[in-house]
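Below you'll find the structure, written out as structure tokens, and then a few comments.
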Amino acid sequence: MAKPLNGISRSMPRSNEGMRLIFSAVVGVMLGYLFGISFPTVNITKLHFPSSIISYIEDRNSGITTQTLLNHAWASANNRKKNSSESNTDEIPKIYVPTNPKGAERLPPGIVVSETDLYPRRLWGDPSEDLTSEPRYLVTFTVGIGQKSNIDAAVKKFSDKFTIMLFHYDGRTTEWDEFEWSKRAIHVSVRKQTKWWYAKRFLHPDIVARYEYIFIWDEDLGVEHFNAEKYIELVRKHGLEISQPGLQPDKGLTWQMTKRRGDQEVHKVTEERPGWCTDPHLPPCAAFVEIMATVFSRNAWRCVWHMIQNDLVHGWGLDFALRKCVEPAHEKIGVVDAQWIVHQAVPSLGNQGKSDNGRAPWEGVRARCRKEWGIFQTRLADAEKAYYLERGITPPNSTVV
């Protein structure tokens, strides 16, 4: 009877071992099934099993139960899901600031510099120590070499509180180096261009924003009786946003409004020839200065710059439309009589024109000026009409002089 017992006892361990293998296989299948239906979004390859499970796999004699195995798997999956959710919640959003200047929306506001200046800087040293002074005003002259002496006299009427900028329509710049002030001035050279062409391209309001007043002057002005800083004092005193010095009455005079009056500091209205002024508050009897020696406040220039047309380079008609940029225009546009100039009427730029059909160069330039005036008036009138019609408002007959 002993042999059968020994045979049974030897077969028992093998039977138990087989059962364990079968049990392990069943548990594996069950786990796979449960993971498949319970965690469809979980990446199984990224599950991190606790060391106790790894130990069970490595040690078949471990006493770990099926329930413990499932608990560990469930906890591992939940932890991974929670960590993933927290990671998404804490993700840093991309920068987008719609109030930044166009094109700079993806920059943090603290790094955006939307305005600049015309202050020259050094190529060495600490940037914070570059500027020994910051001029508060800007004066520009559109010049040719033939008016060099006149411009030298004019520049000397402007203190170091002014940035000096020369626009060279004849391409000659080096000859100006004989003047000490020229070495500090800003020179821009493009042949055969007018001051309004230059102003549109080089005097954007964001470039000249540091300057309280911008003088945009011709080259043929006599300044013997003019002082720039006293002029600015009067402009501030009388609240002028757009102005010009009075013109000596007996030379180069076109309009009564710009004629100097010897009995007052500033005038803002005048009387013109009969029928010229349909309204005493409109040009050329008020709200009017010429474009030869215009001075703009910073705010007024921001508006006027946008009104200058890219292709209309002479600016004719602009003087009648300046009133669109200040309100009330008949109070904020005027002529400073106490600081006056002489218009010498030298047709230097006119001689940069082209002879055509036997006509002198200046004749072609003058014809272009008149044509541009008509084009500008039409564009402004059409733009105002379109504005009112888009809003369902009946346009007035005309707000353009």
Task: Nearest heavy atoms of P395 and K385, plus distance in Å - done: CG-CG, 3.9 Å

Open item on the list: Is it true that S297 and N299 share a donor-acceptor pair across their side chains at a distance under 3.5 Å?
Closed with: no

Task: Euclidean distance, R379 CZ relative to M307 CE, rounded to 0.5 Å - done: 13.5 Å

Task: Separation of L203 CG from Y198 OH (nearest 0.5 Å) - done: 11.5 Å

Open item on the list: List the residues meeting side chain to side chain donor-acceptor pair (under 3.5 Å) with Q147, not counting sequence neighbours, and say none if there are none.
Closed with: none

TODO: Using a strict cut-off of less than 4.0 Å between a Lys/Arg side-chain nitrogen and an Asp/Glu carboxylate oxygen, indicate whether K183 and E180 qualify as a salt bridge.
DONE: yes

Task: Residue pair T294 / Q244, side-chain heavy-atom distance below 4.5 Å - done: no

Task: Residue pair I216 / T140: nearest heavy atoms and the distance that separates them - done: CA-OG1, 3.5 Å

Open item on the list: List the residues meeting salt bridge (charged side-chain N to carboxylate O under 4.0 Å, His left out) with R136, not counting sequence neighbours, and say none if there are none.
Closed with: E212

Task: Validation row: F296, C303 side chains within 4.5 angstrom (heavy atoms) - done: no

Task: Closest approach of S189 to T173 (non-hydrogen atoms, all atoms of both residues) - done: CB-CG2, 3.8 Å

- [ ] Would you please indicate yes or no on a ring centroid separation below 6.0 angstrom for Y231 and Y213?
- [x] no

- [ ] Report yes if some heavy atom in the side chain of R368 is under 4.5 Å from a heavy atom in the side chain of V313; otherwise report no.
- [x] yes

TODO: Measure the shortest side-chain to side-chain distance between E224 and V342 over non-hydrogen atoms and say whether it is less than 4.5 angstrom.
DONE: no

TODO: Please report the C-alpha distance between E219 and F141 in whole Å, then the side-chain angles of each, then the deciding distance to 0.1 Å, and finally whether the side-chain contact (heavy atoms from CB on, under 4.5 Å) criterion is met.
DONE: CA-CA 6 Å; E219 62 181 339; F141 295 95; 5.6 Å; no

Open item on the list: Distance check, rounded to the nearest 0.5 Å: I341 atom CD1 versus R260 atom CZ?
Closed with: 12.0 Å

Open item on the list: Within a 6.0 Å radius of atom CD on E178, are there more than 12 heavy atoms belonging to other residues, nucleotides or ligands?
Closed with: yes

Open item on the list: Please list all pairs meeting salt bridge (Lys or Arg N to Asp or Glu O under 4.0 Å) that have one or both residues in residues 267-279, counting only residues at least two apart or in different chains.
Closed with: K268-E331

Open item on the list: Using a strict threshold of under 4.0 Å (side-chain N to carboxylate O), is an ion pair present between D152 and K148?
Closed with: no

Open item on the list: Does I111 have more than 12 heavy atoms from other residues, nucleotides or ligands lying within 6.0 Å of its CD1?
Closed with: no

Open item on the list: How long is the straight-line distance from CZ of F320 back to CD1 of I291, given to the nearest 0.5 Å?
Closed with: 10.5 Å

- [ ] For residues A321 and L380, report the shortest heavy-atom separation together with the two atoms involved.
- [x] CB-CD2, 3.8 Å

Open item on the list: Going by the rule side chain to side chain donor-acceptor pair (under 3.5 Å), which residues pair with K371 if we only count those two or more places apart in sequence or in a different chain?
Closed with: none

- [ ] Could you give me the CA-CA distance, side-chain angles and deciding distance for I375 and Q309, then say whether side-chain contact (heavy atoms from CB on, under 4.5 Å) is met?
- [x] CA-CA 10 Å; I375 293 172; Q309 306 291 289; over 6 Å; no

Open item on the list: Measuring only between side-chain heavy atoms, which start at C-beta, is V139 closer than 4.5 Å to M165?
Closed with: no

Open item on the list: Just to verify, what does F179 make a ring-ring contact (aromatic ring centres under 6.0 Å, His included) with, not counting sequence neighbours?
Closed with: W181

TODO: For K195 and T142, work out which heavy atoms get closest and say how close.
DONE: CB-OG1, 2.7 Å

Open item on the list: If we ignore hydrogens and angles and just use 3.5 Å, is the side chain of Q339 paired with the main-chain N or O of N227 as donor and acceptor?
Closed with: yes

Task: Between SG on residue C285 and CH2 on residue W255, distance to nearest 0.5 Å - done: 10.0 Å

TODO: Answer whether the closest heavy-atom distance between the side chains of L107 and V97 falls below 4.5 Å.
DONE: no

Task: Under 3.5 Å: donor-acceptor pair, side chain of E372, backbone of H314 - done: yes

Task: Check against side-chain contact (heavy atoms from CB on, under 4.5 Å), F288 and Q256 - done: CA-CA 10 Å; F288 176 77; Q256 290 297 312; over 6 Å; no

Open item on the list: Any heavy-atom pair between the side chains of D160 and P135 that's under 4.5 Å?
Closed with: no

Open item on the list: Given 3.5 Å as the limit, does a donor-acceptor pair link the side chain of H267 with the main chain of G246, or not?
Closed with: no

Task: Donor-acceptor under 3.5 Å (R201 side chain, N310 main chain) - done: yes

Task: Reported CD1-to-NZ distance for the pair I232 and K230, which is rounded to 0.5 angstrom - done: 13.5 Å

Open item on the list: Aromatic contact between Y137 and W301, with the criterion being ring centroids under 6.0 Å apart: yes or no?
Closed with: no

Open item on the list: With side chain to side chain contact (heavy atoms under 4.5 Å, CB included) as the test, pick out the partner of M292 among L247, D220, D319.
Closed with: L247

Open item on the list: Can you confirm whether more than 12 heavy atoms, excluding those of Y119, are under 6.0 Å from its OH atom?
Closed with: yes

Open item on the list: Quick check against the 3.5 Å criterion: does Y211 have a side-chain atom that pairs as donor or acceptor with the backbone of D117?
Closed with: no

- [ ] Could you pull out all residues at least two apart from D130 that satisfy salt bridge (charged side-chain N to carboxylate O under 4.0 Å, His left out)?
- [x] R121, R122

Open item on the list: Using modelled atom types and a 3.5 Å cut-off, is there a donor and acceptor pairing between side-chain atoms of K200 and backbone atoms of W305?
Closed with: yes

Task: Distance-only polar pair, side chains of T258 and E290, donor-acceptor under 3.5 Å - done: yes

Task: Taking every non-hydrogen atom, the tightest pair across R210 and T116 - done: CG-O, 4.0 Å

- [ ] Taking D337 for its side chain and R261 for its backbone only, find out whether a donor-acceptor pair lies under 3.5 Å.
- [x] yes

Task: Basic-acidic side-chain contact under 4.0 Å: K161, E229 - done: yes

Task: Expected output: side-chain E327 to main-chain A329 donor-acceptor under 3.5 Å - done: no

Open item on the list: Strictly distance-based, threshold 3.5 Å: is any side-chain N or O of E390 a donor or acceptor partner for the main-chain N or O of Y388?
Closed with: no

Open item on the list: Parallel, tilted or perpendicular, judged at 30° and 60°: which one describes the rings of F158 and F226?
Closed with: tilted

Task: Side chain proximity check, V295 to V235, heavy atoms < 4.5 angstrom - done: no

Open item on the list: Quick check on the 6.0 Å ring-centre criterion: do F167 and W197 meet it?
Closed with: no

Open item on the list: Around atom CZ of R106, are there more than 12 heavy atoms from other residues, nucleotides or ligands closer than 6.0 Å?
Closed with: no

TODO: Check the pair K156 / V223 against side-chain contact (heavy atoms from CB on, under 4.5 Å), numbers first and verdict last.
DONE: CA-CA 10 Å; K156 289 175 180 176; V223 292; over 6 Å; no

Open item on the list: Quick check against the 3.5 Å criterion: does R302 have a side-chain atom that pairs as donor or acceptor with the backbone of R298?
Closed with: no

